[in-house]
Student: 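Sharing a structure, written as structure tokens. Questions coming.
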There are 2 protein chains.
Amino acid sequence: MSPRTEEQNQKIKDERHEQILQAGIAVFAHKGFAATKITDIAAAANMSHGLIYHYFTSKEAVYVAIIERAMQGAAVFATEALEKPGTAWERLRYLCERQLAGIREHPEYYAVIVQALTSQDIPEEAHAALQRFGSKVYMATLTLVQQGQQAGQVVAGDPVELTYAFYSLIQGIAISTVSQLRVRPQETTDNDHSIKVDTALRILKA
Amino acid sequence: MSPRTEEQNQKIKDERHEQILQAGIAVFAHKGFAATKITDIAAAANMSHGLIYHYFTSKEAVYVAIIERAMQGAAVFATEALEKPGTAWERLRYLCERQLAGIREHPEYYAVIVQALTSQDIPEEAHAALQRFGSKVYMATLTLVQQGQQAGQVVAGDPVELTYAFYSLIQGIAISTVSQLRVRPQETTDNDHSIKVDTALRILKA
DNA sequence: GTCTATACGTAGATAGAC
DNA sequence: GTCTATCTACGTATAGAC
């Protein structure tokens, strides 16, 4: 029985930390912040509820960490799209593709975000992260829309309204996807009616 | 001191019942089902929490009544649009107008619905109402989209995907409106960037 | 019809054993 | 590092007074 080294301990710590976050995402996505119990997360992560308090100071802290990660991921798409080479339309298309793929592949992340957006009762820090990263995505989209209008690729009109509409559509698709997940969790044989990039972009296309 | 008549008592009952529902809508819209305490509703309705149990059997019962009313209201628009005279496009336009107006004028109703859609933790009956009325709206929209396609007014393509996209857009607009309400509750001087009917309909227009 | 006081359950968080 | 036992607080729902 050799004692664990410092590195091994650190590795265990990191693993547990990650386990809690993963379990938290799954549970918060389904139930929302208030309805989620620490014991739910503990059960999903296969550990005692006491152990969670060894890694996080509170339920709030777990939630904030998750919201921050989720929003950071969403903001990355926006930054990438802005910095990419190509026409404004190509970059808008790229952004839309990444967002739709994100919703398809990681609906839980979008679920927690949408939940958080509609709830007054979340921790202040979570709200701050939501605003901070959210405005980043919004501003990036607005810039691309304006550039697209100058290039004649995006329809004319109030760019704020158009950006807002596009942004709303993405959020709405996230909701629909999540609430469908709930009704038919693993339906794979059904025809694929998921929204295509070109359909979503119709709202902006000149 | 004349004793109250049966009618007067009934009137008081109805008033209280309605007070609780109104207070419930306001509170549930902000906090969601789980985070809302009975005492919150009681405070908003200016009555003791005990009295709520005189009119409703439980917190769940209050919630279900609210969800049912909200969804019923949404379904009415869809039914009206279906039965209206005029071309498919005119009726789609009518539906869209009513939905956007509903979001603008009664965001709390849409807030509770969107909250409910994204949460696993709501009462079974509320879930059932959500499904029942929701599919009514969805089916009505699908019918109009198909008729519009036959008339060449709605763009060609998978009608299910298009309906789903339009439906998602409306839900997304509801979320955006609600989460903005939260950030700047009574901002009236700002320019109006709310989404116009024609912008929303771009997603369907041929 | 309405309120206040209370019972009961349970969730968040801590302490101490291993 | 991890678990179990426990404390404390609070929310739902009821009972009984007015």
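Everything numeric here is computed off the predicted structure, so don't read it as measured data. Just so we're on the same page: letters track the sequence lines, and every chain starts at 1.
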Student: Do A/K59 and A/F33 meet the cation-pi criteria used here (NZ or CZ under 6.0 Å from the six-membered ring centre, within 45° of the axis)?
Tutor: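 Yes, cation above the ring, under 6.0 Å and within 45°.
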Student: Does the ring of B/Y94 carry B/K84 above it, NZ/CZ under 6.0 angstrom from centre and within 45° of its axis?
Tutor: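 Judged by the rule (NZ or CZ under 6.0 Å from the ring centre, within 45° of its axis), B/K84 counts as positioned above B/Y94.
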Student: Taking only N and O in the side chain of A/R16, is any of them less than 4.0 Å away from OP1 or OP2 of D/dT2?
Tutor: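 Indeed, a polar side-chain atom of A/R16 lies that close.
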Student: Counting only heavy atoms and a strict 4.0 angstrom limit, can you tell me which residues of residues 36-47 of chain B come near DNA chain D?
Tutor: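 B/T36, B/K37, B/I38 - these, ordered by number, are the residues of the stretch whose heavy atoms sit under 4.0 Å from the strand.
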Student: Does A/E161 reach the main-chain N or O of B/K196 with its side chain, forming a donor-acceptor pair under 3.5 Å?
Tutor: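 At least one qualifying donor-acceptor pair exists.
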Student: Could you tell me whether a side-chain N or O of A/T199 sits under 3.5 Å from a main-chain N or O of A/I195, the two making a donor and an acceptor?
Tutor: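 The answer is no, because no donor-acceptor pair under 3.5 Å joins these two groups.
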Student: How long is the line joining NZ of A/K31 and C1' of C/dA11, in whole Å?
Tutor: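 Going from NZ in A/K31 over to C1' in C/dA11 covers 12 Å.
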Student: Round to the nearest Å and state the distance from A/I20 atom CD1 to D/dG1 atom P.
Tutor: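 My rounded result for the distance is 12 Å.
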Student: Listed in order of residue number, which residues of residues 48-55 of chain A have a non-hydrogen atom at under 4.0 Å from DNA chain D?
Tutor: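 Of all residues in residues 48-55 of chain A, the ones placing a heavy atom under 4.0 Å from DNA chain D are A/S48, A/H49, A/G50, A/L51, A/H54, A/Y55.
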Student: Measure the acute angle between the ring planes of B/F28 and B/Y63, then classify it against the limits of 30° and 60° as parallel, tilted or perpendicular.
Tutor: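 The arrangement is perpendicular - the two ring planes meet at more than 60°.
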Student: Please report the distance, rounded to the nearest Å, between NZ in A/K59 and P in C/dT14.
Tutor: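 After rounding, the reported distance stands at 15 Å.
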Student: So which atom in B/A81 and which in B/L95 form the shortest heavy-atom distance, rounded to 0.1 Å?
Tutor: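 Scanning both residues completely, I find the closest heavy atoms to be CB-CB, 3.9 Å.
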Student: Within the side chain of B/T118, is there an N or O that forms a donor-acceptor pair under 3.5 Å with the backbone of B/V114?
Tutor: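 It does hold such a pair.
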Student: So, does B/T177 use its side chain to make a donor-acceptor pair with the main chain of B/I173 at under 3.5 Å?
Tutor: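 Present.
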